[in-house]
Amino acid sequence: MKITKAVIPAAGLGTRMLPISKAVPKEMLPIVDRPAISYLVDEAIASGIHDILIITAAGKESIEDYFDYSPRYEAALTAKGRTGDAIMLRQVADRANIHFIRQREATGLGHAVLTAKAFVGDDDFAVLYGDDIIFSEKPVTAQLLEVYERFGLGVAGVKEVPWEQVFRYCSLKADPVDTGIYRVSDMIEKPASREQAFSNLSILGRVILPASIFEILEHTAPGAGGEIQLTDAMRSLARTVGMSAVDFEGTRYDMGSKLGFLIANVRQGVKSPEVGEAFRAFLKEFSGEL
Ligand code: UTP
């Protein structure tokens, strides 16, 4: 089955980013001059996926505005003779079929994904977590799709995380089947102790799921933190039909954390064609003051 649909959950409260997240969704925080979520849409498109559902929530209207036309700016730019810039603005909206739905209560990532049921139908689909930005040579979603095409199972994008951080993520029971590729037979969300953890392999920001996940989600009770956890539903999948996992190539930035947000801006800022050179010069001088 060719995967043509992606779901980007972006409805969480973002409490780690308070107070800014009260008024600006964390998914709309910039990396240089573009909101984080636009990098996810780019990644989906670069992976051959053009039907994208963004799950938003009350107070997150700016996400829809960003992916809409902006006649005010287009007119102003055109009047100034900046037609190239006006066209560039239009392309933000035109590059893909971007749909929106609201999660009415932030009751967990699993619940957010469940709101995508009608959009997804019977197809297998990709999920890109709204605050996990990954820069890589080959788009991470495309890396997962390769593994999906090879084994025909759901796929989790994974990384080894430091053992002392496993309790913040999930932990996978995974057996290697090839270089960087695993068969997953079990998992646990936010293990409370080292004994509860299977390994330090955690899912970071990308999964490919079969449509059967919806039926599982419908029967998934709230788990860690009182939220309906996607990991709990994927555990049922892993225990029954199994899942694959791929240790992806790429650098991940957690835009849901203050440090992640700052690091993403510094790392991408130095690469910016517009300001990178001046920013590098500033950083060299500034580092002497640290
Ligand atoms: P996180 O667990 O990082 O989001 O979810 P959060 O709950 O907003 O964060 P904190 O802990 O309060 O700071 C990963 C992704 O899933 C989305 C988030 O928007 C984020 O992009 N999410 C999470 C939802 O869409 N709905 C939810 O109920 C929870």
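Ligands are counted one by one from 1 in listed order, and the atoms in each one are counted from 1 as well. Here, residue 1 is the first one in the sequence, and each next residue gets the next number.
- Nearest approach of Leu145 to Ser47, heavy atoms of both residues: CD1-O, 3.5 Å.
- With contacts defined as side-chain heavy-atom distances shorter than 4.5 Å, the pair Thr4/Ile49 does not qualify.
- Residue-level contacts of ligand 1 at the 4.0 Å heavy-atom threshold are Pro9, Ala10, Ala11, Gly12, Leu13, Gly14, Thr15, Arg16, Lys26, Glu27, Gln103, Ala106, Thr107, Gly108, Leu109, Ala112, Gly130, Asp131.
- Asp247 has a carboxylate O that lies under 4.0 Å from a charged side-chain N of Lys159, or vice versa, which qualifies the two as a salt bridge.
- Contact detail for Val7 and Ala116: the closest heavy-atom pair is CG2-CB, 3.7 Å.
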* To do: Please step through side-chain hydrogen bond (donor to acceptor under 3.5 Å, both in side chains) for the pair His111 and Gln103, ending with a clear verdict.
  => CA-CA 8 Å; His111 180 258; Gln103 183 189 16; 2.8 Å; yes

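- Ring geometry for Phe214 versus Phe125: interplanar angle under 30°, hence parallel rather than tilted (30 to 60°).
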